[in-house]
Structures are given as C-alpha cells and as structure tokens.
Asks: 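I am attaching a structure below and will ask some questions about it afterwards.
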Amino acid sequence: MIPRPDKLGAPMGALLAVALALPLASYRANRIALAEARGLFEALPAVWAAALLACAVATIAVALFVRPPAIRLAVPALTLLLLLIAIGVAARMLMANGADYARVAPGTGFWLAGFALSILITDAIVRLKPGPFLRLGVFALAAAAIAAILVTGEWNALSILAEYRGHAATFWREGAHHLQLAFGSLAAAIAAGVPIGILIHRSERLKGPVLSTLSLIQTIPSIALFGMLIVPLSWVAANVPGASEIGIRGIGMAPAFVALFLYSLLPMVANTAAGLSGVSPSVTEAAAGMGLTSRQRLISVELPLALPVILTGVRIVLVQNIGLTTIAALIGGGGFGTFVFQGLGQTATDLILLGALPTVALAFAAAVVLDAVIDVLPGAKA
Amino acid sequence: MIRIEGLTKEYAGNAVVRDVSMEIEAATITVIVGTSGSGKSTFLRMINRLVEPTKGVVEIDGTDTREMKAYELRRRIGYAIQDHGLFPHWTVARNIATVPKLLGWDRKKIDARVHELLELLQLDPDEIAPRYPHQLSGGQAQRVGVARALAARPDMLLMDEPFGALDPVIRAKAQTDLKSIQDRLGSTILLVTHDMAEAIRLGDRIAVMSEGRVEQLAPPAEILTHPASDNVRNLVGDDDRPFRYLSLIPVSERTEEGTAEGTPIAADRSLYDALAEMIWSGREVLPVVGEDGSARGLVRRGALLDAARSVA
Ligand SMILES: Nc1ncnc2c1ncn2[C@@H]1O[C@H](COP(=O)(O)OP(=O)(O)O)[C@@H](O)[C@H]1O
Ligand SMILES: [Mg+2]
C-alpha cells in the first residue's frame, strides 16, 4: 500500500519535476541579445546533470513520503546546494564555447527549482520547531555557503557577476547608501516613535489623533510621498542657512530619509503603545505599590516587558525600509534601487537582479536575526 | 499604630468610600470584608496612596501620610495583591529584592534577606530563587508575592484578596501560614477579602464594608453574635453562624473535669472540630489532651450545643 503523500510535499514535488523539464540556464550572445534556453543536459556535463537529476528525484520522493523533518531538511538542502554549484558549472561550460561578451543566466528551471526547494526547506525547519539559536545557526550556515560559493569564484561565469564586475565600485557604495538610509531612518523612527508611543499610552486623548495621522501617512503611495517632499525640502535647502551644507536637498538622500522615517513612525508608535498596554495591570499595580517611581516603573518594568512587541515593530520597519529604500533611487537617494531602475531602463535583467537580490537577502537577514532576538528576550515567555 | 479618620473617595461625585474612620493596633490583623464593589480595594489603596483620598487623614505612628512622598510611603508598606503581580522578566530572587534594592541595601544583606524569606515561606531557596514567575505554581507564586511584600521589614502589610486565586486546599494552608508568620513577626496586617470564612479565620478584628461604609468593626465573635445590621447578618450567612462561632472557640474553653474513652482531641483545636469528631465517631463525650499529650479532661456535646446556641 502506498502511504498518502504529504500535503505540501505533493505540489512542491510536482513543481520540482516541472522545473527539471524547463531550461536550467539561458544563453545570450551578448548582454542584450535574445536569450536561448539550455536544458539540464545541454547546460551541464553529463555527470553533473545526472547527479542533479538523481538528487532532485530523491527530493521529490522525500517530499512526498518521508516523515522525519531532519531528512526533509537534509535532502532538499543538499539538492539546493548542488543546484547552486551546478549553475556556476553550467555557466562556465556554456561560456567556454561562446564569445567574451556572451552571457549565461539562470533559467526558469533554476528559479522554479530554487523556489520549490526553498519552500520545502523552510517547511522542514518549521516542523523541526527550532529554538532561536538553532534558527540563527541554520541561517548562518546558509549565508556561509553562499559566501563560499561567491568567494571561490564558482559563479564568476554567471551574467549577474559579470554585471557586478562592471559595477563593482558603485555596488558597494550604493550598498552602503542603502544600509545608511534603511538603518538611519529606523534609528530616527525609534528615537521619535518610542517616546510618542509612551506618550499616547499615557494619554487616551492624544491616542486617536496621533494614530490616525500616522496611518494617513502610511496610505500615501511611496512614490507620491517622495515627490511631495521634494518641494518643502528644496525650500528648506534654499532658505535655511546651513541646511544645504549638511546635505539637505529637494532630491537625494534627504527626502528619501524623511519619507522612510515617516513611514516607520506608525509601526514604531503603535507597537510601543500596544506593548505597554499589554503589560498586565497587576504587574503595573504591584510596581507602583512597591514604591517604584513612575520613571523607574517605565524603565525597569514597563519598557522591558513591552520590548518584544516594540522589537516586532523594529522588525516590521527594518524589513519595510530595506525594501522601500529601493524606490529612493528614483529621486536620487541612491541604494541598490539605482541598479534596479538602470536595469529597467536598459531592459538589462542582470542589472535589475544585481539590485534586487542583495535587497531581498538583506531584508531576509534582518527578519531572521530580529525574530531570533525577540524570542531570546526573557519577557517573551510570560 | 494606624489612625484613619474620615477617609472618603469620590469618583465624579460618586462616593465609593464614605467617611471611614478606624484605629489599627500594631501587630494585629484587621480584615476588611464586603461584597464585590463595596469599596474595599479603594479603601486599602488610599492607605498607600495608590489612590489619593478625596477627604480624610491617614496617620502612621503619628505621621500624616500626605507629608511623605508617595513612593517613600509605599516602600515602608508591604503590598500583596490577588494576581501576585510578580515581575515576569525577573527571577524570584530579583522580585523579592525589589524594595530592598530601591532602599539601597547592599548585596550581601539583600541575598541573606531573600534566603531568609524564602525559608520563612517554606520555599527551598536554592530551587526557587533562580526561577522565573512562569515556572512557579499558583501557590508558590502567591507565597513569593508575600515574601516580596515582607522584604524590607515594612511597618505594615496591605493585602488585597491575596488568596483569591488559590484553590480551597492551598488557600486554607496559605491562611494558616499567614497567621503563623504574623504571630512570629508581629506584623500589622490589613487584609481585604470577600470571603467571611476567611475573615473569621484570620482577623483579630473584622470591618464589614457595604456601599463604601464600614457597617461594623469588631472581633469575629462579636460580628457573629451581634451583627450590627442586616447586611452584616447576610454576609455571615444565618445558617452558618453557629458553626462559624464554634470554629472560633478552642476546646480548652469548654473542657470539664473527668475522663472519657476513645481517641482524644487536642485542647487547642476548635469546638467545631470537636463537634465534627463527635458526629463522625458517634460519641457524646471526647477526652481532651494538651500539647504534650497529657489528659486535660473531657468535652461534652451538650456544652458545644449550648455554646453554639448563644449566637442565636
Ligand atoms: N478609578 C475609578 N474610577 C471610577 N470608579 C471607580 C474607580 N475605581 C473603583 N471605582 C468604583 O468604585 C467602586 C468600588 O470599587 P472597589 O474599591 O474596587 O471595590 P471592591 O474592592 O470592594 O470590589 C466600584 O463600584 C468601582 O466601579
Ligand atoms: Mg477589590
């Protein structure tokens, strides 16, 4: 008798099977030439293709019928690692008989297989119910694997790395801008949002108006908000002495920073207030009854107990800002978005990916790290 | 000694505590009892100024509490509440150390005090001190709450339904333990409850509250024998009054000369216990023994019933 296939394993296994039939890589004679598909056995030496196929088939079988989460994690993870190395091998092989400016990029088969494997891995990790440290460990391992692949030059023949080599200097500069904008606006939002959150927690009268104003800001589309800030900031730059010297302009980092800050306020303020009102009334009453002053109560009892919820706000803001910073490039704010919009202009997919992939990786890393931190806090258990 | 005079609290013109006056002797337990909403908590919280009185005076050892900073006053008064209000992000030891830390005690002294208090409340210090509140049972958490309230040797202890969340068996034990701790330390305790049985078991004096007023302030026996109003009578429960009364009187008070057969009863048990024993064992007379097991005489069923009848 055949056991019932796994609910998530069945569709993901099917997806993986489809991916095997789709092109693993795409080959272009030059950067903007039409792409030609290369299937698994066209793109890879026979040994590699066979190994990858075998691993994929094993993964499908595991996804469908195997229970223990450890195996459900190990087999797709191994397959994913092989896939990541194989795409580099494929690029080298395809480039070997092409011109210097030929390009090899991952094909739909690669992306689909990568997606299915990631879902299976994530699902297995969830089933393992890992603690925060194990999650961080798994994440560090994955990051280390990707870093190793990059450093050893396994992927050097891939078009996205060719694109990187063409933009190496600006890549790290824009990366630094991206982080400055995302983290700088987060820091400003924490510095302003936590006190505002404390204030509205204490004053029922202010709560409604403050929260509705901040929600209103959230409803403005990001491009419109960036645009709306150009006018007042240009005015400030032109009329306030010293403003333009410290970098305030109608376009560039300043409006991007202000817009990101404004978007970040609602999550910070709302989560601070929610965290504080989530503190059990008997705890605040006991704290007052023991003779803690109102300041001591806030600092040593209320804020620490609200911290997990406040950090959830930080996580929301950070992930949101890392994504939104991409748009800042439109008004000259810099960041990885620069590559995305250049790439869109030139219909150069590789350039778009050069901006998009690091952004996604950063957002993912921020989410994983902050989730783990939130779980480690002692207040989270109560 | 605590002197309370004309204490009143109004919310939007509605008095929830009305003109309450009383004097509380040091080293006694005064229990405030009343139905829910009668103003007990508000009254209690005016003493440590968690609620500021609309009118009236509270004096502790002759000092008007309004002359102190509220937080300084509260550090001198222990406070224990129904849901114990332990700080969930601190260990038991850190929780108990709250007020001593605020008062700037040095570490050695605090550690020794925490150890001493946990032992006093029959908790194993090595095992319990490092735990977090979510790792405690309800009864343990309640005892830690009491330990925390006692930590800085406060002048007095305010307790708002401290046993309200406990199941009946643990609750009875907690009451006995509180009584013996109070005996040992000579603390002045003001305790709020809605449970008359608890009030009778614990109180040296009972203040019965109704609609913000103290309707009667008297020792338990007097509350039982001479309820001052229908409200008090209802709260005691007419049917239970004789039994409650018997539970207050020790067997030694009705012991007569003579000898009797069967399992003896200790002289410090209550007449209520003696009656129960008579009913269970089908006897009319029980021999009475002292703490050391020596014969003290006997107690008769007739004498018990006479005592119970005197309440009616
Ligand atoms: N902060 C407040 N504002 C308005 N009314 C209150 C407040 N605190 C208590 N009350 C009212 O005072 C009355 C007595 O409350 P409380 O002292 O808590 O009674 P008890 O402890 O006897 O149950 C209740 O009717 C309650 O609704
Ligand atoms: Mg109450």
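In what follows, every chain begins at residue 1, and chains take the letters A, B, ... in the order their sequences are listed.
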Asks: Measure the OH-CD distance between B/Tyr79 and A/Glu285 for me, rounded to the nearest 0.5 Å.
Replies: 3.5 Å
Asks: Would you please name every residue forming a ring-ring contact (aromatic ring centres under 6.0 Å, His included) with A/Phe336, sequence neighbours left out?
Replies: A/Phe171, A/His178
Asks: May I ask you to name which of B/Glu72, B/Arg45, B/Arg49 has the most heavy-atom pairs under 4.5 Å with chain A?
Replies: B/Arg45
Asks: What are the two closest non-hydrogen atoms of A/Leu292 and B/Leu102, and how far apart are they?
Replies: CD1-CD1, 3.7 Å
Asks: Count the heavy atoms of every other residue, nucleotide or ligand shown that sit under 6.0 Å from CZ of A/Phe139, and state whether that count exceeds 12.
Replies: yes
Asks: Need one label for A/Leu307: side chain, backbone, both or neither, based on atoms under 4.5 Å from any heavy atom in chain B.
Replies: neither
Asks: Shortest non-hydrogen contact from A/Ala286 to B/Arg148?
Replies: CB-NH2, 3.4 Å
Asks: Who passes side-chain contact (heavy atoms from CB on, under 4.5 Å) against A/Arg295, sequence neighbours left out?
Replies: A/Thr293, A/Ile299
Asks: Give a yes or no on whether B/Lys69 atom NZ has more than 12 heavy-atom contacts from other residues, nucleotides or ligands under 6.0 Å away.
Replies: no
Asks: Sort B/Leu86 into side chain, backbone, both or neither according to what part of it lies under 4.5 angstrom from a heavy atom of chain A.
Replies: backbone
Asks: Give me the atom names and distance for the closest heavy-atom approach of A/Ser282 to B/Asp83.
Replies: OG-CB, 3.7 Å
Asks: For the pair B/His89 (side chain) and A/Ser300 (backbone), establish whether a donor and an acceptor sit closer than 3.5 Å, ignoring hydrogens and angles.
Replies: yes
Asks: Within the side chain of B/Arg75, is there an N or O that forms a donor-acceptor pair under 3.5 Å with the backbone of A/Gly291?
Replies: yes
Asks: Atom CD of residue position B/Glu116 - does it have more than 12 heavy atoms of other residues, nucleotides or ligands inside 6.0 Å?
Replies: yes
Asks: Within this structure, what is the OH-CZ distance for the pair B/Tyr71 and A/Arg297, rounded to the nearest 0.5 Å?
Replies: 12.0 Å
Asks: What part of A/Ser294 lies closer than 4.5 angstrom to a heavy atom of chain B: side chain, backbone, both or neither?
Replies: neither
